[in-house]
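Reckoned from all heavy atoms, side chains included, excluding hydrogens, waters and symmetry mates.
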Amino acid sequence: LRDPGRAALPIAAAIGGMVVPALIFVAFTAGATEGATRGWAIPTATDIAFAVAVLAVISTHLPSALRTFLLTLAVVDDLLAITVIAVFYTAKINLTALLLALIPLGLFAVLVQRRVRSAWLLIPLALATWALVHESGIHATVAGVLLGFTVPVLRSQRNGGPEAGIGLAEHFEHVMRPISAGFAIPVFAFFAAGVTIGGYDGLVTALTDPIALGVVGGLVVGKAVGVFGTTRL
């Protein structure tokens, strides 16, 4: 990770893994229906929750360098996807709400930097940040990313240094894992899947729909070609 070239590799791979799927989607949907190409961002993102879950299952069979590469790739891919949503899919920004969001975000950052773990203090501030970012017109996922960035990963020397036990980020991960893995991800998967049972006719229709083909082609082919091709290059 100290090598700038190696550190930049998963970032470049993530960019390639977003550009190629977008191009494939546009190729399938160009001239199909009005506004269809506007969905170019759909196949660009790899769902980090499921990607990390799969990586956790098979990681013991992979070299540490490859595990680091894949995890970094998944995280960078997700952050870039959030940036795409914020930049290209935000119609209007409410600057007042966005500036107000900095207040609870700043208070949250001060508390976690001081190793405060009280849910009664942190959760209301997190919810206020989420609500204000949502009201600003920017996708509220950005609020979660900003809140996550404020949490210290390592213990400071003032708190005993690395030998003093787990950091605050790992503590929060342990606390929230049952809610995240046991409730949030299954509910998200259920509502986000959007699966419609249409029988044989529905399957034929989906296989001939340019948008469906663009999404499938972008995710299945575009991701593999984009990530591997950029890495190889």
Side-chain angles (χ1 to χ4, degrees), residues 10-11 14-15 18 39 41-42 44-53 55-56 71-159 164-194:
I11 299 176
I15 294 174
M18 296 181 69
I42 296 173
T44 61
T46 303
D47 192 282
I48 189 171
F50 294 108
V52 172
L55 186 59
L71 181 60
T72 307
L73 172 66
V75 173
V76 173
D77 183 284
D78 211 49
L79 293 177
L80 290 175
I82 292 171
T83 304
V84 166
I85 293 173
V87 174
F88 294 98
Y89 292 90
T90 298
K92 186 173 67 174
I93 296 179
N94 185 336
L95 288 178
T96 301
L98 189 60
L99 292 174
L100 288 175
L102 297 177
I103 298 175
L105 176 63
L107 293 174
F108 184 93
V110 170
L111 291 176
V112 294
Q113 290 297 323
R114 293 178 177 272
R115 268 58 180 182
V116 174
R117 301 185 178 188
S118 174
W120 298 105
L121 293 173
L122 297 179
I123 291 178
L125 291 173
L127 291 175
T129 305
W130 185 93
L132 288 169
V133 172
H134 181 272
E135 287 301 312
S136 73
I138 295 177
H139 200 283
T141 312
V142 176
V145 174
L146 295 175
L147 290 166
F149 275 143
T150 65
V151 181
V153 176
L154 302 177
R155 293 184 66 90
S156 65
Q157 295 300 323
R158 184 179 60 185
N159 288 273
I166 64 174
L168 198 56
E170 190 172 354
H171 167 73
F172 285 161
E173 192 272 337
H174 288 170
V175 171
M176 292 186 286
R177 183 185 296 173
I179 302 173
S180 174
F183 176 75
I185 291 179
V187 171
F188 162 78
F190 179 79
F191 284 102

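- For the pair V84/M18, a side-chain contact is recorded, criterion being any heavy-atom separation below 4.5 Å from C-beta on.
- Taking all atoms of both residues into account, the shortest heavy-atom contact from W130 to A140 is NE1-CB, 3.3 Å.
- Here the OG1 atom belonging to T96 is positioned 10.5 Å from the CG atom belonging to L132, to the nearest 0.5 angstrom.
- Just one residue in the list L147, L100, L102, T150 forms a side chain to side chain contact (heavy atoms under 4.5 Å, CB included) with T129, and that residue is L147.
- Annotation: side chain of P152 is in contact with side chain of R115 (closest heavy-atom distance under 4.5 Å).
- Rounding to the nearest 0.5 angstrom, the gap separating the CG atom in L168 from the CG atom in L122 is 8.0 Å.
- In plain terms, the two heavy atoms of S180 and P186 that are nearest each other are O-CD, 4.2 Å.
- Separation of atoms CG (D77) and OG1 (T44) is listed at 7.0 Å; rounding is to 0.5 Å.
- Shown here are the side-chain hydrogen bond (donor to acceptor under 3.5 Å, both in side chains) partners of T83, two or more places apart in sequence or in another chain: there are none.
- Residues satisfying the side-chain hydrogen bond (donor to acceptor under 3.5 Å, both in side chains) criterion with H139, sequence neighbours excluded, are T141.
- When the options V151, L146, I103, L121 are evaluated for a side chain to side chain contact (heavy atoms under 4.5 Å, CB included) with F108, the one that passes is V151.
- Every residue two or more places apart in sequence or in another chain was checked for a salt bridge (Lys or Arg N to Asp or Glu O under 4.0 Å) with E135, and none qualifies.
- The minimum heavy-atom distance linking A81 with A45 is given by the pair CB-CB, 3.5 Å.
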